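What you see is a predicted model; the values in this text were computed from it and never measured. Here is the naming used below: chain letters follow the sequence lines, and residue numbers restart at 1 for every chain.
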Number of protein chains: 2
Amino acid sequence: MSLKNGATLVAQYPKMPITVDCVIFGFDDNELKVLLIRSDLEKYQGMWSLLGDVVQETEEIDAAAYRVLDQRTGMTDIYLDQVRTFSRPNRHPGGRVVTIAYCSLLNIKHHSLKITDNELHWHSVSSIAEMAFDHKEILITCHEWLQKMIQENPVGFNLLPDKFSLRELQNLYEAILGIELDRRNFRKKFATMNLLIDLDEMEEDVPHRPGKLYKFNFEKYNKSNRKWVGIDF
Amino acid sequence: MSLKNGATLVAQYPKMPITVDCVIFGFDDNELKVLLIRSDLEKYQGMWSLLGDVVQETEEIDAAAYRVLDQRTGMTDIYLDQVRTFSRPNRHPGGRVVTIAYCSLLNIKHHSLKITDNELHWHSVSSIAEMAFDHKEILITCHEWLQKMIQENPVGFNLLPDKFSLRELQNLYEAILGIELDRRNFRKKFATMNLLIDLDEMEEDVPHRPGKLYKFNFEKYNKSNRKWVGIDF
DNA sequence: TTTCATTGTGTGAATTTTACATAATAAAAA
DNA sequence: TTTTTATTATGTAAAATTCACACAATGAAA
């Protein structure tokens with residue numbers, strides 16, 4: 001076999017555009033939400049789509065995803081993960097476009113969407129009917145990814161305020177997993193994990209007995225080498 | 001905001017080549033192996049690389065991965081999964097090439113490599129020093145993926161002959177996970193899972209007391225809706 | 001026939017999961 | 001002010017699972 005020159009070889013390869021699509025989950029009003037934008041394509045007029053953009057010639061794809069997130073929401077320091085690549089040849093009406101889905105979790109209260117035109121909107125995940133492109137499929141895949149993720153890693157904290165009650169934490173888990181959990185066992189689980197710091201503060205402005213407020217123990221998280229005992233319910 | 005025509009928009013997008021790289025794991029001689037091919041690039045002369053190829057203009061990426069596998073090994077009906085996309089802008093010396101890694105598990109004994117030139121070779125995973133491109137990184141990622149996968153799904157059977165002993169099965173787990181397991185607890189685990197069918201046959205040509213042979217209970221697997229209790233050791 | 005390595009099975013302690021009940025507290029209602 | 005009500009907060013026992021470990025049975029090799 002003869003050896004080849006890399007540049008010569010690559011020059012002959014078929015080329016296609018690559019995009020990133022960000023599935024940005026938030027949590028509010030006891031519901032899992034996702035940040036959507038109205039499609040700017042004729043074909044999908046009025047339909048909702050994920051936040052995406054094309055990847056630039058020399059841009060690392062992860063970087064493109066962070067860029068999209070920054071440009072759309074102003075957020076920079078948040079959790080972001082590659083989930084999966086979607087490549088159906090006709091998934092984009094304008095021609096072949098391969099897209100790479102990223103997931104991110106953010107605290108809605110922290111981000112009063114800087115771009116507050118009505119093109120951008122937090123949607124309840126459970127009530128989305130139709131979406132542009134194959135974005136519904138991507139969203140479902142990312143939701144499943146999140147369900148798995150949240151049971152193996154304490155990523156849920158990224159969706160909550162800095163201070164939160166155990167009830168809020170449990171509501172989050174129930175919303176993401178779509179199941180009800182036993183309150184006592186849930187609290188016990190987190191108690192034994194030692195991941196919560198009791199702030200000795202109470203909830204305020206709640207229409208019932210206030211619960212204690214906690215914050216996430218980041219130090220413990222970092223020290224633990226990220227090997228998590230799964231969170232099984 | 002004005003609505004756009006999809007084709008017009010996509011025509012302006014930067015384009016780049018996409019490849020697939022297949023990390024094909026096999027198991028033999030109590031070692032986890034991976035199928036590698038000698039790089040045909042000048043720059044990587046003599047170095048080993050994953051089995052890959054460029055994705056065609058209208059080809060679904062999954063299809064490209066299956067095609068590569070078929071072309072290189074002649075196998076068609078096997079387990080194949082997308083793992084992750086690698087996109088470092090200079091990961092390919094010939095220019096920007098994004099690659100999508102796929103993992104597959106196959107039974108070495110079933111496939112006396114049709115292409116038996118010495119460009120293709122089963123390597124022990126634990127003894128690979130250097131590889132072309134970023135393929136070492138891809139391999140490590142896929143190995144970690146496999147370690148996780150095999151603890152959640154009974155995919156290990158794809159790496160074994162149709163008939164196998166419990167010792168062979170345990171050797172496989174130990175090789176993939178890189179740890180030793182307790183024989184009694186291992187056997188008990190699989191006994192309670194009810195995934196093995198006792199064939200009432202014994203190993204032959206082994207230099208010690210022969211063990212019973214089992215086969216994988218595919219019916220049970222299919223009926224179970226693929227919701228697996230994790231295999232924890 | 002003896003040795004030896006390996007298969008095959010069991011058992012009890014420790015840990016984790018699961019199911020469930022009651023007391024304490026603060027808001028809301030009477 | 002008192003009572004009601006919803007919610008927080010905590011405990012406990014049974015069941016299931018994990019973990020650590022020991023011994024008998026078998027067949028090959030010596």
Side-chain angles (χ1 to χ4, degrees), chain A residues 29-30 148 150-154 160-161 163-175 177 179-215 224 227-233, chain B residues 29-30 147-148 150-154 160-161 163-175 177-215 224 227-233:
Chain A
D29 206 14
N30 282 345
K148 197 170 177 189
I150 205 175
Q151 290 181 78
E152 297 174 347
N153 300 88
L160 293 174
K163 303 175 179 184
F164 52 87
S165 68
L166 280 173
R167 163 50 58 187
E168 286 176 289
L169 185 60
Q170 185 177 339
N171 284 344
L172 171 65
Y173 271 82
E174 292 182 332
L177 298 177
I179 55 174
E180 290 198 352
L181 303 170
D182 182 275
R183 185 163 39 93
R184 292 154 291 191
N185 292 336
F186 181 87
R187 298 166 89 91
K188 216 181 317 169
K189 188 86 188 181
F190 275 92
T192 59
M193 285 197 289
N194 255 36
L195 279 174
L196 301 183
I197 296 172
D198 187 336
L199 289 170
D200 263 321
E201 292 178 60
M202 299 305 245
E203 285 181 302
E204 282 171 22
D205 300 322
V206 287
H208 52 72
R209 173 179 174 188
K212 282 189 188 178
L213 290 176
Y214 296 85
K215 68 175 181 181
S224 73
K227 284 184 182 170
W228 290 98
V229 179
I231 302 166
D232 301 316
F233 301 103
Chain B
D29 207 16
N30 282 346
Q147 290 184 326
K148 196 170 178 190
I150 205 175
Q151 290 180 80
E152 297 174 346
N153 301 88
L160 292 174
K163 304 174 179 186
F164 52 87
S165 67
L166 280 173
R167 165 51 57 189
E168 286 177 288
L169 185 60
Q170 185 176 340
N171 284 343
L172 171 64
Y173 272 82
E174 291 182 333
L177 298 177
I179 55 174
E180 289 198 351
L181 304 170
D182 183 273
R183 183 164 45 91
R184 293 153 289 190
N185 293 336
F186 182 87
R187 300 167 88 92
K188 215 182 317 167
K189 188 87 188 179
F190 275 91
T192 59
M193 285 197 289
N194 253 36
L195 279 174
L196 301 182
I197 295 173
D198 187 337
L199 289 170
D200 264 321
E201 291 178 60
M202 299 305 246
E203 284 181 302
E204 282 171 24
D205 300 322
V206 286
H208 52 72
R209 173 181 174 188
K212 281 189 188 179
L213 290 177
Y214 296 84
K215 67 174 180 181
S224 73
K227 284 184 182 169
W228 290 98
V229 179
I231 302 166
D232 302 316
F233 301 103

TODO: Pick base, sugar-phosphate or nothing for B:Lys188, based on heavy-atom distances below 4.0 Å to the nucleic acid.
DONE: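 Base, at least one base atom sits under 4.0 Å.
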Open item on the list: Heavy atoms only, 4.0 Å cut-off, all strands: where does A:Arg167 land among base, sugar-phosphate and nothing?
Closed with: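 Sugar-phosphate contact only - A:Arg167 comes under 4.0 Å of backbone atoms but never of a base.
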Open item on the list: Main chain of A:Lys148, side chain of A:Gln151: is a donor-acceptor contact present, judged purely on distance under 3.5 Å?
Closed with: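 The answer is no, because no donor-acceptor pair under 3.5 Å joins these two groups.
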Open item on the list: Using the side-chain heavy atoms of B:Arg184, tell me which of these nucleotides is nearest: C:dG8, D:dG11, C:dG10.
Closed with: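 Closest nucleotide among those given: C:dG10.
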Measure the distance from [atom1] on [X] to [atom2] on [N] and round it to the nearest whole Å.
X        : N      : atom1 : atom2 : value
B:Asp182 : C:dG12 : CG    : P     : 17 Å
B:Arg187 : D:dT17 : CZ    : P     : 21 Å
A:Asn185 : D:dA13 : CG    : P     : 15 Å
B:Lys189 : C:dT9  : NZ    : C1'   : 18 Å
A:Leu169 : D:dA9  : CG    : P     : 13 Å
B:Met193 : D:dA16 : CE    : C1'   : 16 Å
B:Leu181 : D:dC21 : CG    : P     : 15 Å
B:Met202 : C:dT7  : CE    : P     : 11 Å

Open item on the list: I need the single residue from B:Leu169, B:Asn30, B:Leu181 that forms a side chain to side chain contact (heavy atoms under 4.5 Å, CB included) with B:Glu174. Which is it?
Closed with: B:Leu181
TODO: Test A:Leu213 against every option in A:Met202, A:Glu203, A:Glu204 by the side chain to side chain contact (heavy atoms under 4.5 Å, CB included) rule and name the one that passes.
DONE: A:Glu203
TODO: Would you check, one step at a time, whether the test side-chain contact (heavy atoms from CB on, under 4.5 Å) holds for B:Phe164 with B:Leu196?
DONE: CA-CA 10 Å; B:Phe164 52 87; B:Leu196 301 182; 3.9 Å; yes
TODO: Under 4.0 Å from any atom of DNA chain D, heavy atoms only: list the residues of residues 203-211 of chain B that qualify, in numerical order.
DONE: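 B:His208, B:Arg209, B:Pro210 - these, ordered by number, are the residues of the stretch whose heavy atoms sit under 4.0 Å from the strand.
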Open item on the list: To check you understand the geometry: which heavy-atom pair defines the closest contact between B:Arg183 and B:Gln170, and what is its length?
Closed with: CA-OE1, 3.4 Å
Open item on the list: Taking ring pair (Phe, Tyr, Trp, His ring centres under 6.0 Å) as the definition, give me every residue that meets it alongside B:Tyr214, ordered by chain and number, with sequence neighbours left out.
Closed with: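 B:Tyr214 satisfies ring pair (Phe, Tyr, Trp, His ring centres under 6.0 Å) with no residue once adjacent residues are dropped.
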Open item on the list: Can you work out whether B:Arg183 or A:Tyr214 has the more 5'-proximal nearest nucleotide on DNA chain D?
Closed with: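 Between the two, 5'-proximity favours A:Tyr214.
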Task: Reported CD1-to-OH distance for the pair B:Ile150 and B:Tyr173, which is rounded to 0.5 angstrom - done: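 Separation between the atoms: 4.5 Å.
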